[in-house]
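Keep in mind it's a predicted model, so treat the numbers as computed, not measured. Every number for a ligand or one of its atoms is a count from 1 in the order of the listing. Any value given below was found using the heavy atoms of this structure, including those in side chains, with hydrogens, waters and symmetry copies removed.
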Amino acid sequence: MTILVTGGAGFIGSHTVVQLVKAGHAVVVFDNLCNGTAEALRRIERLTGKSVPLVEGDVRDRTALDALFRSYQVTAVIHFAGLKAVGESVRQPLAYYDNNVNGTLVLCQAMQAAGVRKLVFSSSATVYGSDAPVPYVETLPRGRTSNPYGTSKAMVEQLLTDLQVAEPGWSVVLLRYFNPIGAHPSGVIGEDPRGLPNNLMPFISQVAVGRLPELAIFGDDYPTDDGTCVRDYLHVLDLADGHVQALGQLVAPGLHIYNLGTGLGVSVLDMVRSFERVTGRSIPYRVAPRRDGDLAAFWADATKAQRELGWQASRGLDEMIADTWRWQSQNPQGYQD
Ligand code: NAD
Ligand code: WQD
């Protein structure tokens, strides 16, 4: 009775592994380490007292997956493995469709051959597209995506939907994440982007720790209260708990879709000011032009997850910031420290 976590050496995967182990699950991680690190798994052992096996491999490698399914009695798969940088996806669409779409296809073929038909997939609020009304609710159709990353998530949602219709014995949960931030409260694991961070929170925390000189705020002329973009930030441990709770939905066949967010909108300036207040650090910033493809404001309607999974984000913004800062200040260079 083992949960296979693909991409378990990455940011969200590593936090989910901790919560799975805490909930009593046996876990095996499968990751090619292109954006994750074995050090995260060593630190998880320190945190949980349990050693979690890491099988190094690529989800596009059918032979490696077949060998894994022969070695472990896998009951369900949580599939995080994939590429996630929006700008890079515009420059390298083939890499994104290959990793994210083909990777999921090969994984599903290997699962089918092994008789494992329970899957939780990392989707994204981005599948609602650019014209959806806020808050986003699961009954909305998928919208027009504006970059290959978002399109790859929408394509995988469709692939899994078609599979579940054709083979009704499958149990599939599509989790649409909003903006995960934060870190484990121990400060032992956290987000460790390679190169210049694309996302707001790691950028701010690297400015705070002195790795970067200042934050560029992408636009202050949006139609929001303070002119900066509004997002629904949620604590990565709440997101991890959402996966543990989603496993309960895999008991019966079917396909379920859930938003995982707080339902609260926070602007970029709110985030900078809250970070300064919580950490006592100043965050120098300048206002820069808008970033291509950014939407002014969106947040989740997360009532379905509450109703059906009993899941609700419980950690507030100050806790997300304090935990991010504990991780970043204790590990200024991330896992290299
Ligand atoms: P991450 O890059 O930290 O983790 C992804 C992990 O997958 C990494 O450890 C990487 O080495 C591994 N990986 C990538 N391609 C692989 C492949 N072909 N075979 C095996 N392993 C591979 O990213 P994350 O933030 O933890 O995101 C996890 C998942 O959640 C991704 O699918 C991402 O698209 C999705 N998601 C993330 C966010 C976010 O804001 N972080 C939001 C919505 C959805
Ligand atoms: C948040 C806000 C920026 C950096 C992206 C993906 C989405 C999902 C999560 C995952 C925006 C502003 C940012 C900076 C800034 N992906 N910002 N200066 O764009 O909501 O979502 O990550 O896998 O699919 O699109 O998150 O953290 O990049 O940006 O002003 O240096 O912060 O303009 O308004 P986003 P983000």
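Under 3.5 Å, the side chains of Thr262 and Asp232 contain a donor-acceptor pair of N or O atoms. Using modelled atom types, one finds a donor on one side chain and an acceptor on the other under 3.5 Å when comparing Thr104 with His79. For the residue pair Tyr258/Glu138, the side-chain donor-acceptor check at 3.5 Å is not satisfied.
Arg70 and Asp66 are not joined by a salt bridge, as no carboxylate oxygen comes within less than 4.0 angstrom of a charged side-chain nitrogen. Between Arg142 and Glu157 a salt bridge is recorded (basic side-chain N to carboxylate O distance below 4.0 Å). At a threshold of 4.0 Å, the pair Glu39-Arg42 counts as salt-bridged, since one of the basic side-chain nitrogens sits closer than that to a carboxylate oxygen. A salt bridge does not link Arg315 with Asp323: every distance from a Lys NZ or Arg NE/NH1/NH2 to an Asp or Glu carboxylate oxygen is 4.0 Å or more.
Contacts of ligand 2 (protein heavy-atom distance under 4.0 Å) are Lys84, Val86, Ser124, Thr126, Tyr149, Asn179, Asn198, Asn199, Leu200, Phe203, Leu215, Ala216, Ile217, Phe218, Cys229, Arg231, Tyr233, Val268, Arg291, Asp294.
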Short N or O separations between ligand 1 and the protein, below 3.5 Å:
| unit_1 | atom_1 | unit_2 | atom_2 | d |
| --- | --- | --- | --- | --- |
| ligand 1 | 2 (O) | Asn35 | ND2 | 2.7 |
| ligand 1 | 3 (O) | Phe11 | N | 2.8 |
| ligand 1 | 9 (O) | Gly10 | N | 3.2 |
| ligand 1 | 9 (O) | Asp31 | OD1 | 3.3 |
| ligand 1 | 9 (O) | Asp31 | OD2 | 2.6 |
| ligand 1 | 9 (O) | Gly36 | N | 3.4 |
| ligand 1 | 11 (O) | Asp31 | OD1 | 2.7 |
| ligand 1 | 11 (O) | Cys34 | N | 3.1 |
| ligand 1 | 11 (O) | Asn35 | N | 2.9 |
| ligand 1 | 11 (O) | Gly36 | N | 3.2 |
| ligand 1 | 13 (N) | Asn32 | OD1 | 3.4 |
| ligand 1 | 15 (N) | Asn99 | OD1 | 3.3 |
| ligand 1 | 18 (N) | Asp58 | OD1 | 3.1 |
| ligand 1 | 18 (N) | Asn99 | OD1 | 2.7 |
| ligand 1 | 19 (N) | Val59 | N | 3.0 |
| ligand 1 | 21 (N) | Asn32 | N | 3.1 |
| ligand 1 | 21 (N) | Asn32 | OD1 | 3.3 |
| ligand 1 | 25 (O) | Lys84 | NZ | 2.8 |
| ligand 1 | 26 (O) | Phe11 | N | 3.3 |
| ligand 1 | 26 (O) | Ile12 | N | 2.8 |
| ligand 1 | 32 (O) | Phe80 | O | 2.8 |
| ligand 1 | 32 (O) | Lys153 | NZ | 2.9 |
| ligand 1 | 34 (O) | Tyr149 | OH | 2.7 |
| ligand 1 | 34 (O) | Lys153 | NZ | 3.1 |

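Aromatic ring orientation, His243 versus Tyr177: perpendicular (interplanar angle above 60°, classes split at 30° and 60°).
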**Message:** Determine whether Phe298 and Tyr136 satisfy the following criterion, ring pair (Phe, Tyr, Trp, His ring centres under 6.0 Å), listing intermediate values before the conclusion.
**Reply:** CA-CA 7 Å; Phe298 63 84; Tyr136 293 167; 5.2 Å; yes

